[in-house]
Amino acid sequence: MIRRPQALVLLLGIAVASAAAVGALTTTNARPAPGATALHVAAGLSFIGVGVVVWSREPANRTGLLTAAVGLAWFVTDVRYLPSSVAFTVADLVGAPLAYAVLAHLAVAFPSGRLRSRSERAVVVIAYGWLILENLAQDVFWAPADSRCDCVRNLIVVHRDAHLHGIVGNVQQAINVVLAFVVLRIVLDHWSKATPPGRRALAPVFWASGPILLAVIALQAVGAFGSLKGLDAALAYLTPLALMSLPFGFLAGFVHSRLSHLAVGHLVIELGGAPPRGRLRDTLARALGDPSLMVAYWMPDFRAYVDTDGRRVDLPTEQNQRAATFIERAGEPVAALLHDPSLKNDPWLIDAVAAAAGLALENERLHADISAQLKEVRASRARIVEASDAERRRLERDLHDGAQQRLVSLSLALRLAGDQLGNAPEPLVRETLNAAADQLRLAIAELRELASGIHPAILTEAGLGPALQSVAERAPLPVALTVPTDRLPRPVEAAAYFVVCEAVANICKHADAHSATVSARRLDGRLLVEVADDGVGGADPSHGSGLRGLADRVAALNGRIDVVSPPGQGTRIVVTIPCG
Amino acid sequence: MTPTVLIVDDHEDFRAFARRLLEAGGLKVVGEAGDAASALSAAQDLGPQLIVLDIKLPDAEGLDIARQLGETSARPAVVLVSSRDAGDYGARIEQSGARGFIPKAELSAARLLALLGMCL
């Protein structure tokens, strides 16, 4: 829909274009060919028309306004046809250059309509300043010599000098060419840094910059060297044609963007067919034409965005050249689409995709939420086991360093007392001392057992291999042992050790076995522990809390315990724990 | 000649009782050390024939410095002691280069000398 200011610009443009056409066709002074006039009017009108359309669709984007402004400026040169010296002077001073200055502004600011850096702002300011003032220096030495009409004159001529006028003109043309190359350089720079969707957006300016540059250089060459085999006459046709490549490029881009909007229709159909979980990103990336698209889901519990695996996602900042579109349902954040910033140039597309994908994103979000919570629960369970192991190690160490040391010293003191008693004839005292020493020895042994049950020092000190060796040595039946020689992560060693202890204790108590085998080895990043016996079998792992409690400990490390115990064929317990 | 002994343990009480017990048993305790660093310098300076070495020291493992102590000037025999069981250390005691292991509660001059095949 065309709004009021855009409609006014359009009407103004048509009026100006018509006036220019009438002026050119009716002038008595250097009347241009009708074909050239038609192209001249068409070029200006194409900028105004396309500019108004773009401006109506995206009022916040200055590209449309700038495009229309190029068209309006294009016709300023035609005020020369008015029978007024002021109009003639203004037309000659700012006519053609103004259109080129706005064109340079448009090319540098395309496609967002905003200038990206201080240097770009400087180039645009210089372009306006220079192109408006450049004729000033020339015009002070020039008056229309071949005018057959005395009614108009150059009002600012100071000293009529064709030679000086020519020199100033040559300098001016050289600077114009340099300026054109600077603008081209900026356009090429944008192009080289752009992502594929960004290049799609830049394409009209990129492809039009070649013909327009050639036209500008040819115009300056004609200005500097005079007409070259009718080149100036040809340029009256070619220049408008070259300029028109830009609005028609916009038009092509517009049609392309309309075509890409059809992708939203496909998206709705695909989403209706419920794409497999985890494929939503690919589907949306296709609809938006942005392979770099990332989808982040809002986790209300964590007040953060995460990806489908539950990992935290940082939202784009000014620096990392990404943009985010936030999707809400019923006023609650659901997800953020992290995409190429150039997609912001087509807000309709991204809004339509976001609207179509709302429900599917909500489903994915719930899934991501559960994944994140599960991840957190798993991590927390692993932390609890780790903390309990650390606490057990601390208790064992405290017993060792505290009570055990004191009892040991006491034991030495008692023996010293016995020695000091020598052969003194107090048998009762010696007997008491011996009894005390025996009790103390038992207390020390029991304390050692207790400490070892809490967390065996050998597991901390020497690792799983030696610890299992000591289990096998203490067992009342022969145990064939295969153990790893290297150290494993502490929680893995502890879980494996306690499972083997429990399994061996069960064999001794219930299996009626003659022998057992214990093997622990690394296999494909996991620790594989097997405890087998030749006993009566028929063990039910759901009975008794020993193995069940250990199954929780193993599960906390993402491992598992399997018990195979057919009656009469022994029992086999297999534990697998990931160990990096 | 009376064998000379250096006692290395971070518990002062234990060192005091062990000194009196070993001296009562006929050995000559020439020095005490509370950590690995002072044990190494005492072994070098005092040249004991025997070193009673606790496995857990604040700055090092007795298991790790036994060999080094045994190579000091007087080539002393190193005997490891601990309030834990030998089983808690597995093969590491044999690999340490020490002559043997005695649980602390059972420490006596006779056990030490028997371990070293010596007698007074």
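A, B, ... follow the sequence lines: proteins, then strands. Residue 1 opens every chain.
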Distance in Å, [X] [atom1] paired with [Y] [atom2], rounded so as to fall on 0.5 Å steps:
| X | Y | atom1 | atom2 | answer |
| --- | --- | --- | --- | --- |
| B:Glu23 | A:Asp419 | CD | CG | 13.0 Å |
| A:Leu416 | B:Leu22 | CG | CG | 10.0 Å |
| A:Leu412 | B:Arg15 | CG | CZ | 13.5 Å |
| A:His400 | B:Asp88 | NE2 | CG | 9.0 Å |

Chain A heavy atoms under 4.5 Å from [X]: which part of the residue, side chain, backbone, both or neither?
| X | result |
| --- | --- |
| B:Arg20 | both |
| B:Ser82 | side chain |
| B:Ala16 | neither |

A:Arg474 versus chain B, the contacting section by heavy-atom distance below 4.5 Å: neither
Region of A:Ser409 in contact with chain B, defined by heavy-atom distances below 4.5 Å: both
Pair A:Gln405, B:Lys104: side-chain N/O donor-acceptor within cut-off below 3.5 Å: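 Yes, B:Lys104 and A:Gln405 have a side-chain donor paired with an acceptor closer than 3.5 Å.
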Greatest number of heavy atom pairs closer than 4.5 Å to chain B - which of A:Gly465, A:Ala413, A:Ala467: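 Highest number of pairs under 4.5 Å: A:Ala413.
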May I ask you to check whether over 12 heavy atoms, not counting those of [X], lie within 6.0 Å of atom [atom1]?
| X | atom1 | answer |
| --- | --- | --- |
| A:Arg560 | CZ | no |
| A:Asp512 | CG | no |
| A:Leu523 | CG | yes |
| B:Glu12 | CD | no |
| B:Glu94 | CD | no |

Top of B:Arg84, B:His11, B:Lys56, B:Glu61 for chain A proximity - count of heavy-atom pairs under 4.5 angstrom: B:Arg84
Minimal non-hydrogen separation, A:Ser411 against B:Ala105, with atom names: OG-O, 3.3 Å
Smallest separation among heavy atoms of A:Gln404 and B:Ser83, with atom names: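 In terms of heavy atoms, the two residues are closest at NE2-O, 3.2 Å.
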Salt-bridge criterion met for A:Arg406 and B:Asp13 (N-O under 4.0 Å): yes
Contacts with chain B made by residues 432-463 of chain A (heavy-atom distance under 4.5 Å), listed by residue number: A:Ile444, A:Arg448, A:Ala457, A:Ile458, A:Glu461, A:Ala462
